[in-house]
Amino acid sequence: MSTEPADGATSLLDTLRVGIVMLDGYGTVLAWSPTTEEILGWPADDVVGRSIEDFVVSDEAERRSRRNSLGRTGRWRGILRIRHRAGHVVEVEGRGSTLRDTDQRPFVLANIMETSRLRAVEHDLAALDALFASSPLGIAVFDTEKRFVRFNDALVRLNNATHTDLLGRTVAELLPAEMADEVMEIQSSVLETGRSVVDVVTTSPNGQGARSVSYSRITDRSGKVLGVSCTVMDITERLEALNKAEAARQRLALLDEVGVALGDLLDVRAISQALAEVLVPRFADYAGVMLRGEVAVGGELPEPVISVGTPLHLFGFAAREAGERVERLLRLGGEIIYERESLLGRALDSGTPQLASTPEEILRATRPGDPKVEATFELGVHSLMAVPLRARGTVLGLLLMSRAHGDEPYASDDRALAVELADRAGTFLDNARLYAREREGALMLQRSLLPQHIAEPPGVSLAYRYVPGSSGTEVGGDWFDVIPLPGGRVAFVVGDVMGHGLHSAVTMGRLRTAVRTLAGLDLPPDELLARVSTVGEDLSHGPDDPLMATCLYAVYEPAPTSAGSRCGVLTMASAGHVPPLLITREEGGGCRARPVDIPSGTPLGVVGAALDGGFELAEVEIEEGSVFVLYTDGLVESRGEDITEGIDRVCSLLAGPGCYRAEPEEGLVWNGAGAYVSPGPVEETGCGGIEHACDVLIDSLRLHGSSVNGRLSTGDDVALLMARLGGLPGDTAASWSFTTGSYAVRRAREAVRKTLREWELSVLEDITVLLVSELVTNALRYAHGPIGVRVVRDTSRDPAGREGVLIVEVSDPLPEPPRERVVTAEQEGGRGIQMVASEARRWGTRHGPQGKTVWFELPLS
């Protein structure tokens, strides 16, 4: 017959397996339960009627002790070792009681339990009791109705209650409604699903501190649900430590972000704006950076403390919310005036951060009635902090931060972080100030070395640009120049000193001076570059740091007015410079831009380049109206692009009809926006001519370079010169060619006299005719071939402000130049050249491929 409950449930007795044995007064087995049979293996049929001692393993003393205990007290308890049917010994704990029937006959009722199972249950119960009694965690057991059925003292203390307050009640009767609903929902879920809920973080019932709560379902061995267990741990200190650690981590992360955001900036305004944007919204709802004016322009720092009345300027701001009120409060460039006793004044005077946490303190931030302060209340600001921005002991300005609406007010930890932020930002701002000062000084030096005024020679229109690079104070050595030469000719120069820095800029100025000086000698371009290269060798620091510079020198000679040709001649030589471009007219009204084929040559400063013939002449016939373009490599070099691709790109930009429009311009002007330009007006119709073409080329750099704060940013300097080459106007030049003969001198005098009268220059008639006669006579004496005479009237003033000149040239096939000699009574030769030297302002000789030309200048007045 089965002893299992009908519903399949089990109890503790099933776990322990308690066997029952009935004995008579002599120890004979009268009854043997099925559980006993399970424990010992003996069936009842084999045991009933036999003495129990047949199965117990014990000595006589133990038997006597059991009999005495039953006879004296009627009870016995102890350990028995009983032989199992399989042969081994089973240790059980036995309990016996003496019973008597109605006839007073004694019987012994005994039960036995396996000691191994009993000890396991005892240990489990002891551990459970110890857990409830000694655990620092709050432990509770709820029944299926979610009522407290057991709990420990730690839970009572956590709830600040008594045992009576908890026993038999639910959390709905103990906790606030919102918290109780959440707990009841969790308990119901655990009872229904059996899934444990671990580490639910909640606040204490009184709102002070935090707890971690876990729930698990309790079932018996058959799986019947008995209730829910709960453990509660006070994690207030742990959570506070975690919050502190997280706050410290966030502070370090903010400091790191500030360093990253400001690390690669060298502009005061950009640093100010970046700083404000990093702080919002992580550290402030509104942030502004206010600085002294001299900080932004790179000025010297005055006294360490800002004097009262010195206005501050807002150079950067950020806000969580945008709108008209924010714009009224934070307007870039606006002045902030404050009083000594104000929040800002105290921060500036003391050099320590100042906090304002009440409306009265915020009202005293600057001065009474300040509309900016009133706007802060409209934005909900309730906490304000002003932190000095310092560098090397000097206050540069203030970092102003505020919090609004539900954010926590600034505390001492925030003050310490703000000081660290301000100190780091102050260092960046001071570096930017020094950078601005050094860069402005370097650019000022470089601009002073560039031509300050370029007068346009007759028949030539000019447009030019200079854009400094964006590599800080490391300015470059790019330059260009236009040099008028005798006879209506003009020299164009462009050069680039390798490297960057003040040394490059100064070297550029010295090379430019050398080129302009040697141009006055009217040397051929190849010879001029050879001499400049020799000068460059002297400018180098030494053999380990040689000077390297590129240069292109070109001389343009307009077509003679009497020759009937519309083509001038460009004679040029290059010292390793990028090739110039030539823009010519095309049929149909367009134009074509192409690089001029010219030998590259050796850069200036290369030792022995002048002796090795490192410079070659190139001559190109130029049709009047063509545009000659000189530039430095900064215009055509960009990252990821070959220089030939850059030249092709520039040529494609120049293709079009606009380069043939003329605009008058005079003088080189710095436009304040990163470019050194000529100030000629740009016509609003059409393409705007060469001025517009210059703008197009400079603007194209933005597409292939970058932009910093809206301004052009290039890795290298860019010098650009465009010249529209025309012939000499008919009323400014005249030329003739005479064959050798007795009438050549007279015909030359008559032609020159007639031309001067037409030009209304009779005042120069006698001296000019006299000097022409001497030079033509000298040419007839030594030369065999045609003699050319040309006069040019140049009405423009030179850079020194002197009036225009009349230029006269006499050319012949003889290559040897005339020499000025001392005239004696015995030696009559040389009087003509001596007369020219004494009467002319300047005179000289230049060589050409077919002879020489002697020229002289006379002032027009």
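In what follows, residues are counted from 1 in the order of the sequence shown.
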V494 and F492: side chain to side chain contact (heavy atoms under 4.5 Å, CB included), yes or no, with the steps? CA-CA 7 Å; V494 65; F492 303 107; over 6 Å; no
Step by step, would you call E645 with R649 a salt bridge (Lys or Arg N to Asp or Glu O under 4.0 Å)? CA-CA 6 Å; E645 296 176 357; R649 170 173 52 83; over 6 Å; no
Working note: D478 + Y466, criterion side chain to side chain donor-acceptor pair (under 3.5 Å); need CA distance, chi angles, decisive distance, verdict. CA-CA 8 Å; D478 295 18; Y466 170 72; over 6 Å; no
Assess the residue pair L552 and L630 against the criterion (side chain to side chain contact (heavy atoms under 4.5 Å, CB included)); give the C-alpha distance rounded to whole Å, side-chain angles, the decisive distance to 0.1 Å, and a yes or no. CA-CA 8 Å; L552 188 138; L630 297 95; 3.4 Å; yes
Intermediate values then yes/no, side chain to side chain contact (heavy atoms under 4.5 Å, CB included), F480 and L720: CA-CA 8 Å; F480 63 90; L720 173 63; over 6 Å; no
Stepwise, does the side chain to side chain contact (heavy atoms under 4.5 Å, CB included) test hold for L523 with R531? CA-CA 10 Å; L523 299 174; R531 295 196 184 189; 3.8 Å; yes
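For the pair W843/I833, a side-chain contact is recorded, criterion being any heavy-atom separation below 4.5 Å from C-beta on. Two residues are said to be in side-chain contact when any heavy atoms from C-beta on lie closer than 4.5 Å; V627 and L582 fail this criterion. The shortest side-chain heavy-atom distance between V555 and P525 falls under the 4.5 Å cut-off. Put simply, the side chain of T584 does not reach to within 4.5 Å of the side chain of E623, judged on heavy atoms. With a 4.5 Å cut-off on side-chain heavy atoms, I583 and R594 do not count as touching. Residues P595 and C651 have side chains in contact (heavy-atom distance under 4.5 Å, counting atoms from C-beta outward). In this structure the side chain of V490 never reaches within 4.5 angstrom of the side chain of I483, judged on heavy atoms. A 4.5 Å side-chain heavy-atom check between R465 and E691 finds at least one atom pair inside the cut-off.
Between Y556 and F628, the ring centre distance reaches or exceeds 6.0 Å.
Between the side chain of T513 and the backbone N or O of G509 there is at least one donor-acceptor pair closer than 3.5 Å. Using a distance-only test at 3.5 Å, with no hydrogens or angles considered, no donor-acceptor pair links the side chain of S735 to the main chain of R790. Although no hydrogens or angles enter the test, the distance criterion places no donor-acceptor pair under 3.5 Å between the side chain of H577 and the main chain of P603.
Counting heavy-atom neighbours within 6.0 Å of E621 CD, excluding the residue itself, gives a total of 12 or less.
Between K852 and E809 no salt bridge is recorded (no basic side-chain N to carboxylate O distance below 4.0 Å). Between R724 and E624, none of the side-chain N atoms (NZ, or NE/NH1/NH2) sits under 4.0 Å from a carboxylate O, so this pair counts as no salt bridge. Ion pairing between a basic and an acidic side chain is recognised when a charged N comes within 4.0 Å of a carboxylate O; R841 and E857 show no such pairing.
Here CG of L529 is found 11.0 Å from OG1 of T534. Values are rounded to the nearest 0.5 Å. Atoms OG1 and CZ, on T755 and R793 in that order, are 11.0 Å from each other to the nearest 0.5 Å. Considering CG of N431 and CG of L266, their distance stands at 7.5 Å, rounded to 0.5 Å. Atom-to-atom distance recorded for L721:CG and T632:OG1 is 11.0 Å, nearest 0.5 angstrom. Atom-to-atom distance recorded for D699:CG and L653:CG is 10.0 Å, nearest 0.5 angstrom. D642 contributes atom CG, which lies 8.5 Å from atom CD1 of I647 (distance to the nearest 0.5 angstrom).
Judged as a side chain to side chain donor-acceptor pair (under 3.5 Å), and not counting sequence neighbours, E774 has no contacts. With sequence neighbours excluded, no residue forms a side chain to side chain donor-acceptor pair (under 3.5 Å) with E637.
When all heavy atoms are compared, the tightest approach of L528 to A519 is CD1-N, 3.6 Å. Smallest separation of non-hydrogen atoms from V629 and M722: CG2-CE, 3.8 Å. Contact between L858 and A840 at its shortest, heavy atoms only, is CD2-CA, 3.8 Å. The two residues L635 and L697 make their nearest non-hydrogen contact at CD1-O, 4.0 Å. Of all non-hydrogen atoms in V596 and L581, the two that sit nearest each other are CG2-C, 4.2 Å. Closest non-hydrogen pair, T845 versus W855, comes out as N-NE1, 3.8 Å.
Remark: of the listed residues L775, T739, V810, V810 is the sole one forming a side chain to side chain contact (heavy atoms under 4.5 Å, CB included) with I787.
Sorted by first and then second residue, the side chain to side chain donor-acceptor pair (under 3.5 Å) pairs involving residues 479-490 (not counting sequence neighbours) are D481-R512, D481-R516, R489-D522.
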